[in-house]
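Contents: one structure, followed by commentary.
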Amino acid sequence: MKTEDTTRGGETARSPAFAARWLRARGRVGRRAAGIAILVPLISAGLTLAQAYLLATILHRAIVDQVASASQTGAILSLLGLVAIRGLLAWIGEAAGIRAAEDIKQAIRRDLFATLMRRGPDWMRQRSSGELASQILDQVEALDGYFARFVPAMIAAAVVPVAFAVGLMPVDLVVGIVLLVTAPMIPLFMALAGWGAEAASRQHLTALSRLSGMFADRIRGLLVLKLFGRAEDEIVRVRSASDEFAERTLAVLRIAFLSSAVLEFFAALGVAGVALYVGLTYVGLLDLRGTGFTLQAGLFCLLMAPEVYMPLRTLAAHYHDRASAKAAVTSLAATFENLPPVDEVVTAPGSPWSPSGAIAVTARHLTVETPDRGTILSDATLDIAAGETVALLGPSGIGKSTLLEVLARLRSHQGQIELGGVPLADIDEGALRRHVASLGQRPRLFHGTIASNIRLGRADATDAEVRLAAERACVLDFADRLPEGLATPVGERGRGVSGGEAQRIALARIFLRDPALVLLDEPTAHLDIETEARVMRTILAFAQGRTLLIATHSMAVAALMDRILEIDDRQRILVRAPDLTAEPVLAQGVA
Amino acid sequence: MRLLFSLFAARAGGLALALALSCLTLAAGVALFGVSGWFLTGASLATSAMAFNLFGPSSMVRGFSFLRIVSRYFERLAGHATTFKILSDIRVRIFSRLIPLVPLKAAAHRTGDFVARLTADVEALDMMFLQVVAPIATAVLGALGLGLFLWIVLPDALPVVLIGFALTTLFLPLLIALSGQRTGAATVRTAADLRVAVLDGIDGHADLVALGAVDGARHAVDEAVASVRKARLRQSWRVAFGPAFVVLGTGATAIATLYVGLPVLEQGRVTGPVLVGALLAVMAVFEVSGPILRGAGKLGAASAAARRVQSLVDMPPAIRDPAQPIAVPDAGDITFEQVGFTYGRDQAVLAGLDLTIRDGEHIAIIGESGSGKSTLLGLLLRLVDVESGGIGMGGVDIRAVRQADLHAHIALLSQDAPVFIGTIRDNLKIADPHAADAALWGVLEKARLDDFVRSLPQGLDTWLGESGETLSAGQARRLCLARTLLSPAKVLLLDEPTAGLDRPTEAEFLADLLAVTTGRTLILATHAALPKGAVDRVYRLEEGALTLEG
């Protein structure tokens with residue numbers, strides 16, 4: 001898609017013109033429903049014209065021609081029919097607008113999430129998850145009114161007043177021409193109404209969100225304020241902050257409301273002007289027509305005068321939808337650095353890879369830099385033989401976890417890494433994940449049960465296999481104490497799970513897999529000595545015929561491994577002698 | 001709703017003004033249209049200008065137009081001004097009611113989710129007057145005025161007009177609001193599910209990538225997105241009734257008036273101009289139904305929000321002050337005697353716990369996370385009360401003193417201590433509003449944050465939080481630590497003070513803990529390795545009991 005290229009770089013993506021273009025392109029998804037939502041008000045406007053004409057006719061016949069009321073029943077019933085159809089159209093139009101908006105929002109949400117999932121873990125680490133989730137939910141929701149109401153209202157405002165003016169011409173040329181002449185001014189009115197409404201709603205929303213932000217902040221920290229005896233004082237601050245917001249917002253609103261007063265002025269002028277013009281013509285004080293003016297024609301003009309301005313009022317009422325949509329697009333563009341193009345096909349690069357048995361791991365000139373902690377490794381060398389079990393030591397914060405993430409291709413690096421002789425960068429994503437298993441320090445439990453979390457390791461695992469994996473990872477130690485066992489809900493809204501428990505559940509996932517390389521980051525960090533020993537026994541049994549690298553602080557764990565590596569404060573990887581007391585030597589040249 | 005009533009009562013003057021202006025606007029619109037119709041019909045029937053008084057009606061038309069514009073402008077201004085006042089009233093009131101309630105007992109109230117919901121609930125209440133109450137009140141008053149007018153000029157049409165108007169402005173909106181409640185709940189639920197699915201995908205991204213399960217997460221989100229859409233579409237056809245009812249109600253009532261009015265005209269009980277005027281006035285009064293039907297959709301959400309907020313502020317405080325409080329002794333030992341308490345999600349139990357801390361002593365409590373260290377500190381502060389046994393301070397049971405006095409005596413650095421929106425200075429001064437800058441720099445130095453703050457261009461005046469400087473987790477932690485150290489309290493409780501600090505900094509901090517807290521009693525809850533001599537004694541909390549280490 002071309003959009004990708006034209007929007008590279010934050011500036012373009014954040015410009016208002018870009019937001020409008022993106023919204024238009026996005027609107028195509030809901031084209032069908034949106035078409036109905038746009039068409040219906042136009043049809044309804046035609047019926048309004050017919051309804052006013054019919055009403056004027058009935059009144060004319062009753063008052064001027066003094067027709068018997070019984071003979072008008074047919075006309076009144078047709079009037080009722082027109083009203084019923086307009087009611088139905090209003091219903092269809094509204095529902096179609098909502099549908100269009102829902103279709104579009106669904107497509108955008110899917111694309112945004114897919115974009116997120118494609119961004120590397122490096123990108124994700126630097127952002128707050130709550131903020132990203134709120135973008136996908138709340139900011140996309142802010143587009144709702146734009147597609148559901150603003151777009152149909154905008155088109156109606158552009159078309160309907162002109163149509164009405166033309167429709168009035170056969171009845172009275174003067175009224176028609178006056179309205180048609182004011183028609184070119186309608187974009188001006190629209191801009192005027194829009195400017196005011198937008199400024200008003202923007203100010204209002206900013207004030208409200210600032211205030212809500214502060215309120216939420218103080219509620220969140222209320223306990224701290226209370227313990228320091230400061231809660232009462234904070235009430236005064238909340239009060240004075242909101243008073244200040246109110247004052248500033250009102251100052252803007254005072255001017256912004258003027259614009260809608262101008263719109264009101266024109267609408268009132270239309271009604272009053274038509275009434276006076278027609279009235280003066282009747283009594284003969286004004287004669288621009290030449291011919292006489294019937295009551296029917298006069299009433300028709302009077303009934304239509306406010307209708308001409310109706311679409312403009314509707315537009316003004318929905319103008320804030322446009323402002324919120326634009327703000328949302330700007331915010332999406334800023335967060336995602338780039339909006340997802342409307343359609344895009346992605347193919348993952350890489351060559352198929354199917355190692356048989358354990359694989360060797362080698363790294364040359366490995367340099368790893370992190371945005372938050374600076375350089376972790378510089379020009380380091382790493383050699384692990386196929387089938388070897390290796391412990392990785394070093395004080396916390398030195399970069400053990402980072403190295404494991406690099407080897408699992410979850411973090412970017414410079415230099416060469418080869419797994420089983422194949423450059424890491426060339427390995428197909430699916431194959432890499434099949435043959436390399438890694439356990440992070442703080443694994444995430446997903447919304448579901450303990451069992452469903454374990455089953456993430458292998459989707460087709462049987463209940464017995466899940467239970468066996470849970471047993472080997474000592475998950476059953478705590479799961480069996482819970483009333484629902486492995487079926488206990490965990491994750492975002494389930495039971496809270498301690499760090500150690502979460503890690504064991506994540507370890508059980510790995511036991512369901514058949515990897516050639518296993519990377520474990522402090523798998524026993526939160527365990528007591530006895531459980532640690534049990535977990536390590538099963539890990540070592542699992543590591544038979546595989547290559548294992550464990551980052552750990554525990555000497556007991558390290559002593560169980562074939563070899564111990566260490567990252568030193570000069571950002572190198574050293575080999576430590578098995579007796580744990582000798583000085584470490586440089587890893588270079590050791591097989 | 002009680003809450004809203006009392007809030008509205010407090011601002012009755014401003015609300016009455018806004019309402020009066022709103023009624024005036026409606027009346028001017030109705031009069032403008034009605035008089036126009038009457039004048040126009042009358043003029044067409046008049047044979048000459050002499051026979052028709054042109055001057056009166058035409059100036060009325062102009063007058064009503066002008067009145068409508070002016071009153072609309074001031075109506076909106078008055079309505080917003082009062083809404084802003086109510087908005088601040090709501091927040092202040094909820095905030096002050098919450099003070100005695102924290103920490104909230106129910107687990108549902110403990111999450112960040114609760115704060116988000118409370119904020120959203122309060123926002124839903126903000127617009128109640130402008131969007132719901134004012135249009136409905138205007139409609140009711142408008143119906144009264146119109147009824148009076150019709151009673152005089154066209155009594156035959158009075159019943160149909162009142163019925164049509166009541167249906168369109170009151171009963172149908174209520175129906176929509178009620179029927180929307182269930183589908184509204186489904187919408188909220190599916191949105192919450194989507195949030196969970198998205199958060200799972202983002203927070204668990206590295207795990208998903210490592211497990212090769214990204215497509216599964218995408219699938220889950222796709223499904224959640226589809227359910228959100230489905231729930232919204234199910235709701236949409238009800239929502240769409242709103243605009244349809246406006247068209248139907250206005251049209252049907254006008255036609256009914258016409259149908260009833262024509263025979264009356266025939267019988268000569270009403271003149272043509274008056275009939276047209278009345279008919280147009282009836283059509284004009286329906287102007288108010290648009291905002292009502294728009295607001296009706298929000299009524300369900302707003303009343304649910306009001307109920308939730310009300311039930312929150314109605315909660316009785318879990319901990320009450322004694323009727324005759326005793327002063328907290330200035331010095332003395334802290335004693336836990338046979339303390340029993342059930343805590344945590346696994347209902348772990350402290351049983352018969354004894355602990356004595358002498359005045360000025362420094363002790364540490366270590367143990368796995370979840371072992372009850374934080375609970376122990378909370379008991380001392382009376383955030384919760386012991387179930388059996390007692391806690392004394394200088395020989396006085398802590399239940400015999402005012403909570404505020406107890407809190408002034410003890411300062412806590414909790415695990416989830418927040419950084420507030422405001423400047424660094426604001427954040428520190430929460431602990432001691434009268435502290436001089438020198439004291440602020442002193443505690444920043446002790447928390448090893450002074451170099452960082454000095455490096456900021458605005459130093460202590462740097463704005464933190466929303467649209468301000470953001471601190472790293474470690475820096476935020478240190479700022480909270482500095483705040484706690486600034487407190488003049490005699491007793492310091494530090495719960496995992498070094499979380500977020502790197503190892504060397506943690507070691508340095510723990511090493512000079514002694515110097516930082518000289519003269520004060522210190523209870524340190526941590527699972528960090530403590531250097532020798534950092535504290536006087538170390539206890540391990542395990543299985544609900546304390547054992548002396550080393």
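Letters go in sequence order (proteins before strands), and every chain restarts at 1. Heavy atoms only: backbone and side chains are in, while hydrogens, waters and symmetry mates are out.
Between B:V228 and A:R109, the closest heavy-atom pair is CG1-NH1, 3.9 Å. Taking every heavy atom of both residues into account, B:F33 and A:L302 meet most closely at CE1-O, 4.0 Å. When every heavy atom of A:V83 is checked against every heavy atom of B:A252, the shortest pair comes out as CG1-N, 4.1 Å. Across all their heavy atoms, A:F228 and B:A411 have their closest contact at CE2-CB, 4.3 Å. Contact between B:A210 and A:S438 at its shortest, heavy atoms only, is CB-OG, 3.4 Å. Shortest non-hydrogen contact noted between A:A246 and B:F84 is CB-CB, 3.5 Å.
When heavy atoms are compared at a cutoff of 4.5 Å, A:I76 approaches chain B by way of both its backbone and its side chain. Neither the backbone nor the side chain of A:A305 comes within contact range of chain B; no heavy atoms are under 4.5 Å apart. Looking at A:I219, the atoms closer than 4.5 Å to chain B (heavy atoms on both sides) sit in the backbone and in the side chain alike. Neither the backbone nor the side chain of A:L89 comes within contact range of chain B, judged by heavy atoms closer than 4.5 Å. For chain B, no part of A:A437 is nearby; none of its heavy atoms comes within less than 4.5 Å. For a residue to count as touching a neighbouring chain, one of its non-hydrogen atoms must lie under 4.5 Å from one of that chain's; by this rule A:V236 does not touch chain B. Both the backbone and the side chain of A:E232 come within less than 4.5 Å of a heavy atom of chain B. Contacts between A:A62 and chain B at a heavy-atom distance below 4.5 Å involve backbone atoms as well as side-chain atoms.
Annotation: side chain of A:L227 is in contact with side chain of B:L383 (closest heavy-atom distance under 4.5 Å). Looking at B:F39 and A:V278, their side chains never come closer than 4.5 Å, going by heavy atoms from C-beta outward. No side-chain heavy atom of A:E234 sits less than 4.5 Å from a side-chain heavy atom of B:V92. A:L439 has its side chain out of reach of B:D207: every pair of non-hydrogen atoms, C-beta onward, lies at least 4.5 Å apart. Using a 4.5 Å heavy-atom threshold, the side chains of B:L412 and A:L223 count as separate. Residues B:L208 and A:F446 meet the side-chain proximity criterion, which asks for heavy atoms closer than 4.5 Å. Inter-residue side-chain proximity for A:L222 and B:F95 is flagged as met; some heavy-atom pair is nearer than 4.5 Å. For the pair B:L279/A:L59, a side-chain contact is recorded, criterion being any heavy-atom separation below 4.5 Å from C-beta on.
When each of B:S88, B:S65, B:G272 is scored by its heavy-atom pairs under 4.5 Å with chain A, the top score falls to B:S88. Annotation: maximal heavy-atom pairing with chain B below 4.5 Å, among A:Q66, A:E102, A:E405, occurs at A:E102. Contact tally against chain B (heavy-atom pairs below 4.5 Å) for A:L250, A:D233, A:I58: the top residue is A:L250. Ranked by heavy-atom pairs shorter than 4.5 Å toward chain B, the options A:R434, A:E141, A:E247, A:Q51 are led by A:E141. Among A:D103, A:D243, A:V67, A:L280, the residue making the largest number of heavy-atom pairs under 4.5 Å with chain B is A:D103. Per-residue counts of heavy-atom pairs under 4.5 Å with chain B were compared for A:A114, A:A70, A:G457, A:G440; the largest is that of A:A114. For the set A:R239, A:R99, A:R509, A:H60, the entry with the most heavy-atom pairs within less than 4.5 Å of chain B is A:R239. Residue with the most contacts toward chain A among B:G201, B:A240, B:A244, B:A224: B:A240 (heavy-atom pairs, distance under 4.5 Å). Looking only at heavy-atom pairs under 4.5 Å with chain A, the residue among B:V61, B:L77, B:T484 that has the most is B:L77.
Judged by distance alone, the side chain of A:R513 and the main-chain N or O of B:L211 form a donor-acceptor pair under 3.5 Å. Of the possible polar contacts, one joining the B:E266 side chain to the A:S69 backbone as a donor-acceptor pair under 3.5 Å is found. The closest donor-acceptor contact from the side chain of A:W91 to the backbone of B:P243 lies at 3.5 Å or more, if one exists at all. No donor-acceptor pair closer than 3.5 Å links the side chain of B:R229 to the backbone N or O of A:Q106. In this structure, the side chain of B:H205 engages the main chain of A:M117 through a donor-acceptor pair within 3.5 Å. In this structure, the side chain of A:D217 engages the main chain of B:I421 through a donor-acceptor pair within 3.5 Å. A:R86 places no side-chain N or O within 3.5 Å of a backbone atom of B:V247 that could act as its donor or acceptor partner.
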*side-chain contact (heavy atoms from CB on, under 4.5 Å) between A:I136 and B:V225: does it pass, once the steps are laid out?*
CA-CA 10 Å; A:I136 291 183; B:V225 166; 6.0 Å; no
_Test log, rule side-chain contact (heavy atoms from CB on, under 4.5 Å), inputs B:Q235 and A:I98_ = CA-CA 10 Å; B:Q235 196 185 17; A:I98 295 173; over 6 Å; no
*Could you walk me through whether A:R218 and B:R91 pass side-chain contact (heavy atoms from CB on, under 4.5 Å), step by step?*
CA-CA 11 Å; A:R218 296 312 194 251; B:R91 283 165 179 73; over 6 Å; no
*Between A:R237 and B:D426, is a side-chain contact (heavy atoms from CB on, under 4.5 Å) present by the stated rule, with each step listed?*
CA-CA 12 Å; A:R237 285 200 47 170; B:D426 293 339; 4.0 Å; yes
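For B:F420, the CZ atom is densely surrounded, since the number of other residues' heavy atoms within 6.0 Å is greater than 12.
Note: B:I255 CD1 to A:L55 CG = 8.0 Å, rounded to the nearest 0.5 Å.
Taking a cutoff of 4.0 Å between a charged side-chain nitrogen and a carboxylate oxygen, B:R232 and A:D144 qualify as a salt bridge.
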